[in-house]
Amino acid sequence: MKRIAVFASGNGSNAENIIRYFRANQCGAEVCLVVTNKAGAGVTERARQCGTEVCVLSPDEIRDPAAMLGVMRRHAVDFIVLAGFLLMIPDFLIDCYRDRIVNIHPSLLPKFGGKGMYGRHVHEAVVASGERETGITVHLVSEQCDGGRVLFQASAGVTCDDTPASVEAKVHQLEYEHYPQVIRDFIAAMPDLSQLSAHKVVEG
Ligand code: GAR
C-alpha cells in the first residue's frame with residue numbers, strides 16, 4: 001500500500017475529498033497523514049473527522065530537514081499531495097521526493113500562476129482580465145513556483161455574469177471530480193519505490 005501525505009493550509013475541502021476517495025476505492029494507496037502549517041485551519045477538523053492523523057508544523061519546522069524528513073520517515077510517506085498548501089516546498093523535500101510531489105493549481109497554467117496567485121486571488125484575476133475560460137492544472141512540484149511538468153488540465157467556461165465566487169465554485173467542482181483520479185493514475189504509473197535511491201534516503 002502506497003502512503004500519501006496531503007499538505008493543506010486552508011479549508012481543506014480537497015484534502016477531505018482525497019481522503020474519502022482513497023478510502024472508498026481500492027487502488028493500492030491511502031492517505032496516512034495530513035500536514036498543515038495552520039493549527040486552526042478547516043483542514044485540521046476535516047481530517048480529524050475522517051480519522052486521519054494531522055501533523056501541525058510551523059514554517060520553521062517545515063524548512064528544517066531533520067524535522068520535516070523525520071515526520072515523513074515516521075509515517076513512511078511515499079507521495080506528497082498538495083491541496084491548497086500555501087508555503088513554498090523546501091528544496092530538500094523536492095529533492096528527496098523528486099517527481100513524487102503533485103500540486104493542484106486553480107487555473108490553466110501558465111496563466112494566472114506564480115507568486116501571489118493562490119485561491120480566491122486567482123479567480124479575481126481571471127474575472128478582472130475578462131478571460132472566457134479557466135480551469136485546473138495538476139502538476140509535479142519543482143523548484144520553479146507553479147513550473148513543474150503538467151500532468152492534467154480541465155477547463156470551465158467563464159461568462160460575463162461570473163464573479164470570483166462563482167468561478168471558484170466551478171473550479172472546485174473540477175477539482176473534486178478530477179484530482180483524486182489524477183493522483184491515483186499518477187501513483188499507479190510510478191515504478192517500484194524501493195528502486196528509487198531518494199526513497200532510501202527518506203527511509204534512512
Ligand atoms: C484549491 O482551489 C486549490 O486549487 C488552491 O487552493 C484551494 C484550496 O481549497 N490552491 C492554490 O491556489 C495553490 N496555488 P480547499 O482548501 O477547499 O481544498
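Whatever order the structure lists ligands and atoms in, that order sets their numbers, starting from 1. Along the sequence shown, residues are numbered consecutively beginning with 1. The structure presented is a predicted model; accordingly, all values stated were derived computationally and were not measured.
- In this structure, the side chain of Asn17 engages the main chain of Tyr176 through a donor-acceptor pair within 3.5 Å.
- In this structure a side-chain-to-backbone donor-acceptor pair under 3.5 Å is missing from Glu133 to Ser155.
- Partner Asp162 forms a side chain to side chain donor-acceptor pair (under 3.5 Å) with one of Lys170, Arg132, His123 and no other, that one being Lys170.
- Here is the list of ligand 1 atoms found below 4.0 Å of a heavy atom in His105: 14 (N).
- The shortest N/O to N/O separation between Glu175 and ligand 1 falls below 3.5 Å.
- Of the options Val71, Asp64, Leu87, Thr36, a side-chain contact (heavy atoms from CB on, under 4.5 Å) to Leu57 is made by Val71 and by none of the others.
- Under a 4.0 Å criterion applied to the non-hydrogen atoms of Gly119, ligand 1 contributes the atoms 11 (C), 12 (O).
- Shown in contact with Gly12 at under 4.0 Å from a heavy atom are these atoms of ligand 1, numbered in order with element: 15 (P), 16 (O), 17 (O), 18 (O).
- Of the protein's heavy atoms, Ser13 OG, 2.5 Å lies nearest to atom 17 (O) of ligand 1.
- If you check the side chains of Glu177 and Gln173, you find no donor sitting under 3.5 Å from an acceptor.
- Partner of Phe7 under the ring-ring contact (aromatic ring centres under 6.0 Å, His included) criterion, chosen from Phe79, Tyr97, Phe85: Phe85.
- Annotation for ligand 1: atoms under 4.0 Å from non-hydrogen atoms of Gly84 are 6 (O), 8 (C), 10 (N).
- Between the side chain of Arg100 and the main chain of Asp78, a donor-acceptor pair closer than 3.5 Å is present.
- Counting only heavy atoms of the protein, atom 9 (O) of ligand 1 lies nearest to His172 NE2, 3.3 Å.
- Distance alone, capped at 3.5 Å, places no donor-acceptor pair between the Thr137 side chain and the Gln153 backbone.
- Considering backbone and side-chain N/O of Tyr118, none are found under 3.5 Å from N/O of ligand 1.
- Ligand 1 lies less than 4.0 angstrom from a heavy atom belonging to Met117.
- At under 3.5 Å, not a single nitrogen or oxygen of Asn103, backbone or side chain, sits near a nitrogen or oxygen of ligand 1.
- Not one N or O on the side chain of Asp95 forms a donor-acceptor pair closer than 3.5 Å with the backbone of Asp91.
- In terms of polar-atom proximity, Phe85 is not counted as a contact of ligand 1, lacking any N or O under 3.5 Å from an N or O of the ligand.
- Set against the non-hydrogen atoms of Ile104, the atoms of ligand 1 under 4.0 Å away are 4 (O), 10 (N), 13 (C).
- On a distance-only criterion, Asp146 and ligand 1 share no N/O pair closer than 3.5 Å.
- Taking every heavy atom of Pro106 and a limit of under 4.0 angstrom, the matching atoms of ligand 1 come to 2 (O), 4 (O), 5 (C), 10 (N), 11 (C), 12 (O).
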